[in-house]
Amino acid sequence: FTLTYTSLSGLPGSIWTDRLQGVIMVIFIVVTVIACFGGVHIAEGKWGEVSTWSDKGFESLVTLILAVIGAELFNMGTWQRVYAAESVGALRNGCALGGGLNFLTMFLGGHVGGGPGPQPTRVHIGHQG
C-alpha cells in the first residue's frame, strides 16, 4: 500500500499520510493516558518505588537511545524530508516540533508504564493518612 501511494503521489502524498498518522497517534496517546490514569490515585511515597535508579536501567537507557539514533540515521524517509524542506528555518521548526512531540510521547509512555494500569474502580495505593 505504501509503495503504491508513494509511487503515485511522491513526497507530498507521503507527508500527508505522515500528518494523518501523527494526528491519529496523538488521539490514541491522549485516550491511553486518560484510560490509565483516570480514577487511579497513587500515594506520593509510592512513586519512589517505581523510579529507583539502577545500573541495568541506565544500560537499557543508553542501548535504547543508541538503537533509535542508529535506526533513524539510516532512515531514507527522514533524509528525503530534510532535503525537501522549504528553508532551513522550516527544517529547524519541524525538527523542534517533532523532537518535542517524541519526547512528550516517551515521557507519557514511561509514566503509564510505571503506574498500575487501568483499573475498573478508584484504587488507592499506599497509606492515605
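Note that the structure is predicted; figures quoted are calculated from it, not measured.
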For L97 and L101, what are the C-alpha separation, side-chain angles and deciding distance, and is it a side chain to side chain contact (heavy atoms under 4.5 Å, CB included)? CA-CA 6 Å; L97 179 63; L101 290 175; 4.1 Å; yes
Report the distance from atom OG1 of T63 to atom NZ of K56, rounding to the nearest 0.5 Å. 10.0 Å
Output yes when a side-chain donor or acceptor of S87 lies under 3.5 Å from a complementary backbone atom of A90, and no otherwise. yes
Here's a test for you: under side chain to side chain contact (heavy atoms under 4.5 Å, CB included), which of I65, L64, L66 qualifies with V68? L64
Starting from I29, can I reach L104 by hopping between I/L/V/M/F/W/Y residues whose side chains sit under 4.5 Å apart? yes
Tested for side chain to side chain contact (heavy atoms under 4.5 Å, CB included) against I24, the lone hit among L20, I27, V26 is L20
